[in-house]
Amino acid sequence: MDTRHLTTGALATALVTAATMAIRIPVPATGGYINLGETMIYLTALLFGPVFGLVAGAIGSALADVLAGYASYAPFTFVIKGAEGWLVGWIAWRGLRGMQAHMGRMVASALVACAVGGAWMVFGYYVTQAFLLELGPQAAAAELPGNLFQVGSGIVVAVPAAAILRRAAPRVP
């Protein structure tokens with residue numbers, strides 16, 4: 001791994017942490033919070049691929065949990081958000097493999113990737129809260145609308161931003 005990759009990974013991780021901490025809406029029923037971290041997880045994964053999505057999603061989101069006082073969620077967040085970033089990057093990049101991407105195909109691939117990654121995140125937190133943290137299905141359901149908002153905001157911000165940045169710098173690794 002070279003300096004450029006390390007710098008890109010560190011910057012992406014910092015952006016995920018900052019986006020996650022910028023706006024935090026607590027969910028009293030679960031002790032969790034709603035945030036805008038998906039915007040940077042998705043953008044990182046779409047631009048730089050699954051490994052960067054995994055690292056930035058896992059470390060950046062878990063670090064935000066620790067810094068914001070939600071340390072009990074950090075181990076779960078590390079796994080859930082890391083897998084989310086990897087899924088988004090893997091699906092999006094797999095959809096573009098072997099071709100100079102047409103903009104429509106790139107956007108369609110990004111939308112599918114973010115929807116699948118987002119579904120994983122919503123499912124992951126529901127299972128974590130309902131069963132692993134033993135809060136129960138009703139309490140976990142209280143966070144579903146907020147998690148769906150996170151996915152939607154991530155898609156609305158990351159997909160157009162990735163398309164614009166890819167067009168401006170088509171050689172993004």
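Values below: every heavy atom of this structure, side chains too, minus hydrogens, waters and symmetry copies. This chain uses plain numbering: 1 for the first residue, then up along the sequence.
- Of all heavy-atom pairs spanning Gly31 and Tyr73, the tightest one is O-CE1, 3.6 Å.
- Distance check, rounded to the nearest 0.5 Å: CZ of Phe76 to CD1 of Ile80 gives 8.0 Å.
- Applying the side chain to side chain contact (heavy atoms under 4.5 Å, CB included) test to Val157 and every residue at least two apart in sequence or in another chain returns Thr39.
- Atom OH of Tyr125 is separated from atom CG of Leu132 by 12.0 Å, given to the nearest 0.5 angstrom.
- Closest approach of Ile41 and Gly57 over heavy atoms only: CG1-CA, 3.8 Å.
- The CZ atom of Phe52 lies 11.0 Å from the CG atom of Leu11; values are rounded to the nearest 0.5 Å.
- With values rounded to the nearest 0.5 angstrom, Leu67 atom CG is found 7.0 Å from Thr17 atom OG1.
- The cluster map of Ile, Leu, Val, Met, Phe, Trp and Tyr, joined by side-chain heavy atoms under 4.5 Å apart, puts Val122 and Val116 in the same cluster.
- How far CG of Leu87 is from CE of Met121: 12.0 Å, rounded to the nearest 0.5 Å.
- Leu36 belongs to a hydrophobic cluster with Ile23, Ile25, Val27, Ile34, Phe149, counting contacts under 4.5 Å between side-chain heavy atoms of Ile, Leu, Val, Met, Phe, Trp and Tyr, direct or through other members.
- Contacts classified as salt bridge (charged side-chain N to carboxylate O under 4.0 Å, His left out) and involving residues 28-46 (residues at least two apart or in different chains) are given here: Glu38-Lys81.
- Here the CG atom belonging to Leu165 is positioned 6.0 Å from the CG atom belonging to Leu43, to the nearest 0.5 angstrom.
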